[in-house]
Every structure is written in structure tokens, then in C-alpha cells.
2 protein chains.
Amino acid sequence: MTAPDEQPGSAAHVLELVANGSATSRADLVRELGLAASTVSARVQELVEAGLLAESGEGASRGGRRPRLLRVAEQGAVALAADLGSHHIRTGAVGLTGDAFDIDDHAVDLTAGPEPALDTLAERLGTLAERQRAAGRTVRGIGVGFPGPVDADGARIIAPSRMPGWHLFPLRDRLAARLGLPVLLDNDANMMALGEHRAAHPTPRHLVVVKAGRGIGSGVISDGRLHRGARGSAGDISHVRVDEAAELPCSCGNIGCLETVASGAAIAAALREKGIAVDSATDILRLVENGEPHATTLVRQAGRDIGAVLAVVVNFFNPEAVILGGALSGAQPLVAAVRGMLYERCLPMATSDLTINAAGCGPDAGLLGAGQAVLRRHTMTDAPPAPAAARS
Amino acid sequence: MTAPDEQPGSAAHVLELVANGSATSRADLVRELGLAASTVSARVQELVEAGLLAESGEGASRGGRRPRLLRVAEQGAVALAADLGSHHIRTGAVGLTGDAFDIDDHAVDLTAGPEPALDTLAERLGTLAERQRAAGRTVRGIGVGFPGPVDADGARIIAPSRMPGWHLFPLRDRLAARLGLPVLLDNDANMMALGEHRAAHPTPRHLVVVKAGRGIGSGVISDGRLHRGARGSAGDISHVRVDEAAELPCSCGNIGCLETVASGAAIAAALREKGIAVDSATDILRLVENGEPHATTLVRQAGRDIGAVLAVVVNFFNPEAVILGGALSGAQPLVAAVRGMLYERCLPMATSDLTINAAGCGPDAGLLGAGQAVLRRHTMTDAPPAPAAARS
DNA sequence: CCACTTCCTTCGATCACCGAAGAAAGACTC
DNA sequence: GAGTCTTTCTTCGGTGATCGAAGGAAGTGG
């Protein structure tokens, strides 16, 4: 069913199957993993002894002895997660069950440079870590989604648009040093893709997740794993030239980029020109829901533009599913326009079994993905690794 | 160095390292694989006993005992390969060293339907198999590249344009039954991608190989492995809408597709309208080399159009390299136009370390890829598997 | 109450790999 | 040219993961 990065049958894999409900007993695991019963028993025992898995009573008989139910231990491991936006930070804890809790939003202006943002981030995550430890849980690490390009190693920020001072900032290692925990850093759309991928049923092997908010980004899952590309910049669709954008200059230095017409920032600017007060992508969403005609028109056109670009991507990449996330994905006209464009422009072979849906995880997708990524990597190292350890 | 599909250290991996010259002795293999010397010795012994590897004298000392050189056995395994075009078939044998020999071209009109083509194909491959067996080599299987979509299982042809009668034709199993050998079937661009990927140095993790000939296709390598997509149709870039094509109707039923302006077929048609007699993509190439202005202009514009589509692909997929293959890639203006378009339109981050080159394997890339794909899958099964076995 | 199913554990056996020890063969040094 | 160091490769026991067979525990259904 699920096919995580790990080898089949690894401890992390077992945990994942139990966490997402694919398996509730040892016998389930045997069926799911195809391993020998004795092997599964041994693995489960390890996990129980490590405090990550627990037995909880017995289940219904299927004609024989009742299975001894397994569940992930609540007092087990958690990861901290942070989803950064250009003007706010969302933090939370993610457990082995794959749900996020203790979620908070903080207003932080990333455009004011990295140091103040790092201060706030470290402080918030620090108190969050305290709370989790007080509740008896082990903090395994921190996952961070950043609203801009991250280098191939997941160590530094690369030339983010409209965020001066961040270029080459070593966010991963700076944060790891501050909190003494391993940090996993990636682009926000990539984190969102991980979150949506895990939540999607059936689990798609190849998936494209679009984040349409103030900016436009996407995360790519290829063969069940995140595709980051040669330089870590895969998934960029916002600087593709579209007819609609004509000669409009873009922050990237080029002209006619998708971002200049279809991003939340662009739509907001266009609405302000018409004398309508908007600030964030959520403001736009509200206007659309209230039937404001200008906003609806702009959002629908944005959907068409995004759809035109996605049509190329879908033909080329042939994913099982396209998931639309980010604040603007709440706008029905946008989703409808993307769907229409894809069905019109793509090859029938590419769309015949393609599902195109709005995101299922809502605003927490980024947190969930970031947290789950950390847990997948740092769960089975028994002690939380050496303080300054910040592996990619 | 090289990272094939297999687990590191598998017998196939050892063979690959010796075949491509990465390792010439057991000690080399130890360094390359990171395995214990004893393990490598055992593996090599197996392979020698299986007749796939041979010792050939001693090499130069590096300050101690001389290494005993290894090479792949000439009398070892081969795969047969066939590269189908709309009007011809190219066949050859591919050895473990990764080179093709006993190559032949046959005129066959695929547009006349599958049955006659299958007859010719089976007959040619049959005599090729005979010759190889007579030379003392074991034929492991057959790889076939088809100039149109192949289903996700690699079993059937799907709705190829301009080739009536082929839809859903079970080419893999029909050919396997005729020859009693396992058959590996895939799109021609995918096979070409496999061939170019293996030949490329350094081996790119993520790669896009474009085949620009009569039609336009591409093959995608993601994380060292062929990306076929959900339905096996990944890599399609020929039915992307481009401005240049305006409202031109395409064989796919849509309008404005890249194929209608940038394919060899489209260029040939445009030249014929100007009264210039051309038939194949090679004819076009000859015209360009002779400085025929119309042909050169059309080819350059085709390069720009292909480049415009590839720009989206490169931003999205962020490969290490883009390789241009197919007959038209021999035209310098086309390669130059693609390069120009990519550097102009892509993000700097995506192109800063991107290599964009014409294919290195020439017209044999498809054969090599098809053969190598078979050898990777069917090398270590000691006896050539059961006659009708046609695994995907 | 007895046969049969399901669930899970115990207990050798197997297989891949490792590392230590050493043998073979040469290079280097004084 | 004799001893020492390097490099290459093999032999041989040891370790760890997994498997399969056997069986015990706990049910269901006639």
C-alpha cells in the first residue's frame, strides 16, 4: 500500500503502516510486508521496547484467535515543524500517528532579513520543544518549510525573491545550533507535497502538488520519493512564460512569468489598482466567496494560466494525481479553471486516470510534511542524535 | 560512479562497473563498491564461473602486487535490440560491454499495420539470434523501442498517431511467443534515454533526452531510473501548445501542438510546400548542412519552439543534463536554438550547472538502451528463462 | 467436543556480508 | 640483496537479518 523511502520491512516502515491504519496487528503487518511472521514479531518487539509502539487490547476474531492490536505510542516520538510564510510562521508538533497538534501562528516579517526571523523561530520552537518534553514525548528533530528556493543539500536559502538578506543564509545549521536538534530544511511546496502525499488515498506513485498562495510553487513526488532535482530547484512553475503575462516584468528578472499574473501577490496588486483593499491571499479568497466579480474573474484567469503550465507538466511527467494547495486553492473557480485547462490541453492518456483535487490537509499540509520527513529520518536512532548534528 | 537500478554490490552492479571501465580488478571493485574484499572476491568468482566475467592477465603494479585484470567475457551474454521507426527497423546485438554490433537496417512500413511488421521483425531477430548463438553467445532477451506510446506494463501499443491498426496490439507477448525469448518493450525515446544515460559522463542523476526526428519525444531519467509515469506516457512534449503553431490541427485531435511545427514531418511538409523535395528527417539534415535557407530557417525555428517547451520542463524537473538526440539533433542550428531558449527562459538556478548537448551515441542510442535494459534485467538468471516468459 | 482457523512465538538453518589473518607478489631502501 | 612496506587477493570463522517448520494459544463452527 504505502511505499516510503525506506527499505521494505524496516522499523520505520512498520511504524508507518501502523500509524496510517494499514495494519493493526502483527498478522496485518505480515500480510502487508510479505515478511516472515517471525521477522515481524521481532521487529514489533523492538519497537515496543523502544517505546514507539504499544499493544492495546485485542481485536475482533476473523475465525480464529483474536489479533493483539497495535498502535503507535502517544508518549513516543514527535517532530517539531515550522511552515514559514513571507509574513508569518506556523509551528506545530507532529506525532508518529501523522497528525499535527499544539499549532500556533506567529506574525514575523521575513522580508526584514534572516536574523530577527531566526530569533523568533528559535524561540517559538524552543518553547514548543519544552512543552512536548514536559508531556513526556521525545523530540526527534525539526522540519522547516521555507517560502523560497533551498539548495541541493537542504542547508541554505538560495536567492529568494522579495526577501533580501536571505541569500545563502545557512538556516539549517544556524537553527540546529540554536536548538541542539537535527533540522531538515526544504522548500515549503516540497514539504506540502510530502504531507499531501502521505494523506492521499490511494497513495500515488507520482504526484504534483501545487501551492498557490502569495506565490506559486510546486512539489514533485516521483516514484514515492520527493524529487528535488539537480540543484534542489525542481518544482518551479512560477517563472514559466505565459501569453497572458505578455511583457510584464518579474522579480526573477525575466518577463511574462506566470507569477506576474497568477500569484496571490499579483492578483492582490491588480485588485488594489481597481481600488479594492486586499492584502493577503486569504483576503482574495474571501472576496471570491462573497462573489466579488473582479476578484472572481482574476482568480479564474489565474486558474487558467496555472492550468496551461500544468498541462505541460502533466503531459511530461504523467502523474497519478495533481493536488492543488495553498490559500487560493480554496477558491472553487480556480480549481475548476485548472481542471478545465488540463482536460482540454493534455493528452487523453495523461488525464484518463488523473485525479485533480484541492488539498486534503488544509493549512497544515506543510507542517505535516515537514514533521513526517523528520520522523522518517530520525525515528530509529535511539537517542536523539548529537546536539549540533544537522543532517540533510 | 555509476548507480544502476540494482542494489549496490549486486552481481549486475559488479558487471556494470567492469563493463564501463570503472573497475578493472577486484581491488578496484572494493574501492568502488565499498564492500569487503572477501565479498567482492566471492562475487567475482560466481561471475567467472557463470561465464560472464573473465580474467585477462595482470595489470601494472601500484607499488605492490600486480592486480589480476578483469573483463567481461566476450562469449558471454548478449541481448538483441530493435529500434522501430515509422518506415524502418534497426536491429542489433548488445553485449555486456555496452556496445552494439551486427547492426542492420530493414525497410518496413509500420503504417501498414502490425502483422506484416511483426513478421519482418521476428524473422530478422530470429536470424540475428541464430548468428549470435552460432558465435557462442547466450541470447538473454530482446529489447524493442517503438515509435509511439506503450502502456504502463510495457505490453501493448497505445493509440499511436499515424499508425492505424496498432492500438492495443500486444507486441511484447506476440514477439516473445514467436521467438521464445523474454521481450522488453518501451517507447523509442525511453530506450534512447537509457542508452544515453549509460553513456553520459559523469552519469547524471536526473536527465531529459529529447528525440527530435520525424516526431518529437523525450525520455526521462529520475534518480537514475527511467520515469515512465502513471500510464507509461511520461516524456510526451510533442502535444504541448506553442504560440508558433497557432491553430494548426494536430493528429492528436487538438490544435497548436509543438509537433505541428517542430517535428521532422512538419518541417518536411513545409519544405514540400515550397517545392523542395524532402522525405525523411535525414533529408532535412542534409539540406541544412548544404545551407539551404528555408530548411535552416525552419529547423532553427523548430529549435526555438522545442526550447520553449523544454524551458518549462527544465524549470520543473531541474535535470543535470538535457541531451538532444534523433536525426534533427545533427543540425547545429537546432541545437543552438534550444540552448539559447533554455538559457534565456529558465531560472539561473536551473541552468547554472545544466549541460545541454547533442546525443553521444548517435543512431545507436535506441539499440543500446534497449539492449542494456534487457541485460540489466535478465543477466543473472542462469538459464535463459522459460520460452514464453515475457516479463515487463 | 472436535476439527479447523487465525495469531503469534520459539528455535534451528541459511545466506550475505564482514573482518582478521595471511599468502602471494611486487616496490622501495639502505 | 635482504629486510620492510604495499598492494592484491584468498581463506576462514563470526555476526546479523531473515526464513521456515513446528507448535502453543485462543478463537469459531458444526
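Naming convention: chains lettered A, B, ... in sequence-line order (proteins, then strands); numbering from 1 in each chain.
A salt bridge between A/D186 and A/R228 is present, with a side-chain N of the basic residue lying under 4.0 Å from a carboxylate O of the acidic one.
Rounded to whole Å, the distance from CD on B/E46 to P on C/dA16 is 7 Å. For the pair B/L33 CG and C/dA16 P, the computed distance is 16 Å after rounding to whole Å. D/dA26 atom P lies 13 Å from atom CD of A/E55, rounded to whole Å. The separation between B/L70 atom CG and D/dC9 atom C1' is 11 Å, rounded to whole Å. Here the C1' atom of nucleotide D/dG27 and the CZ atom of A/R68 are 14 Å apart, to the nearest Å. Summarising the geometry, the separation between CD on B/E58 and P on D/dC9 is reported as 9 Å, rounded to the nearest angstrom. Rounded to whole Å, the distance from CZ on A/R26 to P on C/dT6 is 18 Å.
Among the protein residues, B/T39 comes within range of the nucleic acid bases, having at least one heavy atom under 4.0 Å from a base atom. Contact annotation for A/S38: base contact, defined as any heavy-atom pair under 4.0 Å involving a base atom.
Looking only at side-chain heavy atoms (C-beta outward), A/E49 and A/E46 stay at 4.5 Å or farther from each other. Taking 4.5 Å as the limit, some side-chain heavy atom of B/V78 sits within range of a side-chain heavy atom of B/F101.
Of the residues near DNA chain D, B/P67 and A/A36, the one whose nearest nucleotide (by heavy atom distance) lies more toward the 5' end is B/P67.
Side-chain N/O atoms of A/R43 include none lying less than 4.0 angstrom from OP1 or OP2 on C/dC8. Using a 4.0 Å cut-off, some side-chain N or O of B/R62 falls inside it from OP1 or OP2 of D/dT8. At the phosphate of C/dG26, OP1 or OP2 sits under 4.0 Å from a side-chain N or O atom of B/R66.
Evaluation of atom-type donor-acceptor distances gives no pair under 3.5 Å for the side chain of B/R65 against the base of D/dT7.
Aromatic ring centroids of B/H227 and A/H227 lie 6.0 Å or more apart.
You'll find that the side chain of A/R31 is closest to C/dC7, out of C/dC7, C/dC17, C/dA27.
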